[in-house]
Amino acid sequence: MTDKKRCLALHVAVPDLPQRGANVEVRPLVDGEDVLAEVFTEGPGEDPKYLLLPDGPLTAGAEPHEVRLAEATCTEGCCGALYVTIRRDGDHVIWSEWRNPDENGVDLPEVWFDAQEYQAEVERAVADYSWEWPARTVARLLELDLSKRTDWLAQWGCELGGVSAWLWEPEQINLFLFHPGRSAIRESRPWLQFRMVLDVSSDAPEMQAERLAEQLVAGDPRQVAEVCGGSPAYARQLGYPWPQRRRA
């Protein structure tokens with residue numbers, strides 16, 4: 001790649017074999033070349049859930065901002081990640097200052113895109129859910145619904161952690177909650193993470209998400225969820241049993 005004007009395509013890659021731990025990832029293609037394949041093979045590209053958002057991290061503005069495009073499978077702190085700084089300069093969007101915390105330098109040049117073409121591709125990718133499988137669609141719609149119902153979680157001292165669907169579990173989704181919230185983690189106060197496994201069916205994803213949301217907001221989610229994060233000491237302090245780990 002050189003610094004002449006380029007064409008960006010954002011490809012969502014879904015593994016053909018849904019093995020445990022398989023990742024859905026965003027693969028940025030510049031003039032058809034997979035940027036990640038050139039310089040970062042330690043792990044997958046970021047999940048669309050984090051990169052492909054309205055006015056999300058790939059949106060370019062006059063103020064430069066850094067975006068993580070990929071992370072090592074074993075975590076960034078172990079084997080690195082790939083970052084790029086994105087900014088808009090007049091009629092162009094520029095990707096530059098490539099960085100991997102695990103290396104001294106990344107061998108990629110500054111890349112220029114036509115701003116209108118770039119924004120059109122970002123908006124196309126954000127609006128395209130054709131790659132989703134049914135459980136993933138239910139999870140996305142349910143998380144969107146629950147994120148608007150902050151009063152429900154606040155009354156139980158909880159914060160929504162997210163709703164996930166994994167390829168190797170096509171008939172269920174996982175809802176995560178923090179109690180009392182992420183702020184407790186930052187402030188080194190007792191905290192717990194709860195996990196709730198919800199079944200999905202062949203019904204329309206929109207109907208399922210709405211039905212699940214109504215069922216959830218009818219009561220205290222902690223009564224039907226299991227502790228999956230925090231510590232035994234925090235569980236004792238907050239009055240919850242710590243789960244017994246199953247032996248292999």
Side-chain angles (χ1 to χ4, degrees), residues 18-25 42-44 46-51 53 57 66 68 70-81 83 100-102 135-136 138-200 209 212-248:
Q19 298 176 341
R20 180 170 292 275
N23 297 94
V24 178
E25 51 182 323
E42 288 76 11
E46 289 287 344
D47 191 285
K49 183 175 182 178
Y50 304 111
L51 272 189
L53 302 171
E66 191 173 60
R68 190 173 74 181
E71 180 186 17
T73 302
C74 54
T75 74
E76 175 178 337
C78 180
C79 291
Y83 287 86
N100 182 344
D102 198 50
R136 175 90 182 208
V138 174
R140 172 174 57 82
L141 295 175
L142 180 59
E143 182 169 353
L144 181 62
D145 189 330
L146 294 179
S147 66
K148 301 174 183 177
R149 304 185 189 231
T150 54
D151 291 345
W152 162 62
L153 289 175
Q155 69 176 314
W156 304 115
C158 293
E159 179 184 345
L160 183 65
V163 186
S164 299
W166 297 323
L167 279 165
W168 60 94
E169 297 175 342
E171 298 180 351
Q172 68 182 48
I173 60 178
N174 301 270
L175 186 148
F176 294 93
L177 301 170
F178 288 98
H179 171 66
R182 290 185 180 88
S183 61
I185 303 175
R186 297 190 295 269
E187 297 166 6
S188 299
R189 294 186 285 112
W191 63 275
L192 292 174
Q193 185 181 43
F194 288 81
R195 178 191 178 194
M196 191 184 307
V197 178
L198 304 171
D199 294 332
V200 297
L212 288 170
E214 293 302 324
Q215 293 172 356
L216 288 167
V217 301
D220 183 348
R222 297 168 298 178
Q223 299 301 314
V224 291
E226 295 183 351
V227 173
C228 67
S231 72
Y234 285 167
R236 287 194 298 271
Q237 293 178 61
L238 293 171
Y240 291 90
W242 184 253
Q244 296 297 316
R245 302 303 181 193
R246 296 177 181 176
R247 295 183 179 179

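What's counted below: heavy atoms across the whole structure, side chains too, no hydrogens, waters or symmetry copies.
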Inter-residue atom distance [X].[atom1] - [Y].[atom2], 0.5 Å rounding:
X: Cys158; Y: Trp152; atom1: SG; atom2: CH2; result: 7.5 Å
X: Leu160; Y: Thr150; atom1: CG; atom2: OG1; result: 10.5 Å
X: Leu192; Y: Ser231; atom1: CG; atom2: OG; result: 7.5 Å
X: Arg189; Y: Leu238; atom1: CZ; atom2: CG; result: 9.5 Å
X: Asp145; Y: Leu212; atom1: CG; atom2: CG; result: 10.0 Å
X: Leu144; Y: Leu142; atom1: CG; atom2: CG; result: 9.5 Å

Smallest separation among heavy atoms of [X] and [Y], with atom names:
X: Glu42; Y: Cys79; answer: CG-O, 4.0 Å
X: Ile173; Y: Ala165; answer: CG2-CB, 4.1 Å
X: Pro170; Y: Val200; answer: O-CG2, 3.8 Å
X: Ala235; Y: Trp242; answer: CB-CE3, 3.9 Å
X: Trp168; Y: Gly21; answer: CZ3-N, 3.1 Å
X: Leu216; Y: Met196; answer: CD2-SD, 3.2 Å

Practice task
For residues Leu198 and Val138, determine if any side-chain heavy atom of one lies less than 4.5 Å from a side-chain heavy atom of the other.
Solution key: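 They are not in side-chain contact.
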Practice task
State, yes or no, whether a side-chain contact exists between Arg136 and Pro48 at a heavy-atom distance under 4.5 Å.
Solution key: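 Arg136 reaches Pro48 side chain to side chain.
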Exercise for the section: Just say parallel, tilted or perpendicular for the rings of His179 and Phe194, cut-offs at 30° and 60°. Expected result: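 It falls in the perpendicular class, over 60°.
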Exercise for the section: Give the ring-plane orientation class for Trp166 versus Phe176, where under 30° counts as parallel, over 60° as perpendicular and anything between as tilted. Expected result: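 Because their plane-to-plane angle lies in the 30° to 60° range, the rings of Trp166 and Phe176 count as tilted.
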Other residues, nucleotides, ligands: >12 heavy atoms within 6.0 Å of [X] [atom1]:
X: Gln215; atom1: CD; value: yes
X: Glu171; atom1: CD; value: no
X: Gln19; atom1: CD; value: no

Short side-chain to backbone donor-acceptor contact, [X] and [Y], under 3.5 Å:
X: Asn100; Y: Ala81; result: yes
X: Glu159; Y: Arg182; result: yes
X: Arg195; Y: Asn174; result: no
X: Asn23; Y: Glu25; result: no
X: Glu76; Y: Glu71; result: no

Exercise for the section: I would like to know whether Trp156 and Leu177 meet side chain to side chain contact (heavy atoms under 4.5 Å, CB included); could you show each step before the answer? Expected result: CA-CA 11 Å; Trp156 304 115; Leu177 301 170; over 6 Å; no
